[in-house]
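Below: the structure, in structure tokens.
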Amino acid sequence: ATDAGATDAGATDAGATGDAGGTADGGTADGGTTLTPENSDDDGDGWTEAEGDCNDGDSSVNPDAPETPYDGIDNDCSDTTPDDDLDGDGYGSDILGGADCDDADAGVSPDAAEVYADGIDNNCDGTIDERFTVQTLETGCDCGNPSAVAVDSDKQVHVVWYNADIGGLQYALDDGSGWSATETIVRHSTGIAGEHIDTVIDAADRLQLGYSFYEDSTARTELDYLYRDSDGTWSDEFVVDDYATSGSEDLGRYVSIDVDDANLPSFAYYDHDNREPRLADILSAPWTLLGIDAFYTNVDENYLYQLGLEDCEIGHWTSLAMDDSGYDNIAYYDDCALAQEAQFTRLDWTLESLAYSETIAADGWYTSLAINGVGDLCTAWYDSSSADLRYGCSEDGGFTWSAETVDSSGAVGEYAALAFDDKGDPWIAYYDATNGDLKVASKSGATWTVWTVDDVGDVGIAPSIAVDVDGVVHITWYDASKGELRYGRSN
């Protein structure tokens, strides 16, 4: 009775615990303890569920097991040991269909900035060492023709653009954490604001903005102004020049703005009624006054038009740069048959007379003027005769100008926009009309390098360019194919 019932058939085989760990759920251990699923080791790996085995049906899964990346299994039963996103950058590996192309480097992810010429696809977009990273800044509207970009001392990027759908101006800011929501800053039911715009950041990190405004009821166009303080507060709008001020019914096209060492703005713009460029120099701070206190002058008299000898225009594509001496320097285009030149004018600090006026080049559309790191005046322009992008500088304040060809690869150079980086190297954004692309050219030493920044659709019209204190280049432009505002920054 003892051999057949107690040992062989009942106690050991059916219910007791063997040395190999074969306890069945609900049985008793050697000491007589009733076993539950939590304290039984079903897979024989030496760990129970109560001891931390997260899969008691697989002996390769337990707290002693090594974690195997990307197998979709928590091998070591620990939440602190990742199976994916090993570098902790917030993106899973592309091995499992994630977006991280290097899960061993936290500096490589879709959120990372591309580092130019390091041989790594830092932002995981499939392209190694692209010079510019590009994105759509505003969509769902006819936006960005024109736009203006500026960067303050904290490297915050400010963009203002014209929205043709609302006939007004909009604004967005990237403070380093991404773009803010779009803000409509100028919109009037009585007319169209912003078909011509320009911005500048002054020494107080104030964003100053000049723009045209067309009044429906009078069919007159004026030049207006407002600013944004560094705390984000927008000013009231001010009229800089209009029919009541100058007697001209069409003012403000091709507006260009710059500030002096007292943060007071000057504006260069086209007077269409008189077919000549015009300057408004603000004499006292408009942010403390009810109106604008300014000095006005014509930059270049259009004698042939005034005498009725020729229906020509002087002053398209006005571009203003104020130098350290307080002089207003203006580049512009003269389309008269006897000239058709890119011209330059400098006003003395009294603004009561022209210091002098000189020819920059025999053919020069889309003139863009800026001052380099050593104080030389430099201009980029489009040569309509050769369809080339051209560039030249003056080391003597504008008396004599050099000229060189930057790009001659087709009809290239329209909408030229010039800026200088912290090393004094020029950067020119421009439109490649042959291919419908946005291009950028930069010169280091004696060598020009040209990059295609955007080539998807008909892109690159009306670019604006700014360079921050670290030498990062920021560009906005219009995508004519989609009616979108685009933005790019150098890597």
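Annotation: Tyr430 is not in aromatic contact with Tyr382 [ring centroid separation under 6.0 Å not met]. Residues Tyr366 and Trp381 place their aromatic rings such that the two centres sit no closer than 6.0 Å. Proximity of the aromatic rings of Phe420 and Trp427 is defined here by a centroid distance below 6.0 angstrom, and this criterion is not met. Between His316 and Tyr270, the distance separating the two ring centers is shorter than 6.0 angstrom. Aromatic ring centroids of Trp179 and Tyr487 lie under 6.0 Å apart. Between Tyr391 and Trp448, the distance separating the two ring centers is shorter than 6.0 angstrom.
Within the 4.5 Å cutoff, no side-chain heavy atoms of Tyr327 are placed close to those of Leu347. Residues Val186 and His188 meet the side-chain proximity criterion, which asks for heavy atoms closer than 4.5 Å. The closest side-chain heavy-atom distance from Thr184 to Ile166 is below 4.5 Å.
Exactly one of Asp241, Asp271, Asp300 qualifies for a side-chain hydrogen bond (donor to acceptor under 3.5 Å, both in side chains) with Arg278. That residue is Asp241.
Nearest heavy-atom pair, Asp335 versus Tyr333, reported as atom, atom and distance to 0.1 Å: CB-CE2, 3.3 Å. Heavy atoms only, all atoms of each residue included: Ile360 and Ala331 are closest at CD1-CB, 4.0 Å. Closest heavy-atom contact between Glu138 and Cys143: CG-SG, 3.9 Å.
Residue Arg220 places its CZ atom among more than 12 non-hydrogen atoms of other residues, nucleotides or ligands, all under 6.0 Å distant.
Defined by atom type and a distance below 3.5 Å, a donor-acceptor pair is missing between the side-chain atoms of Ser109 and Asp111.
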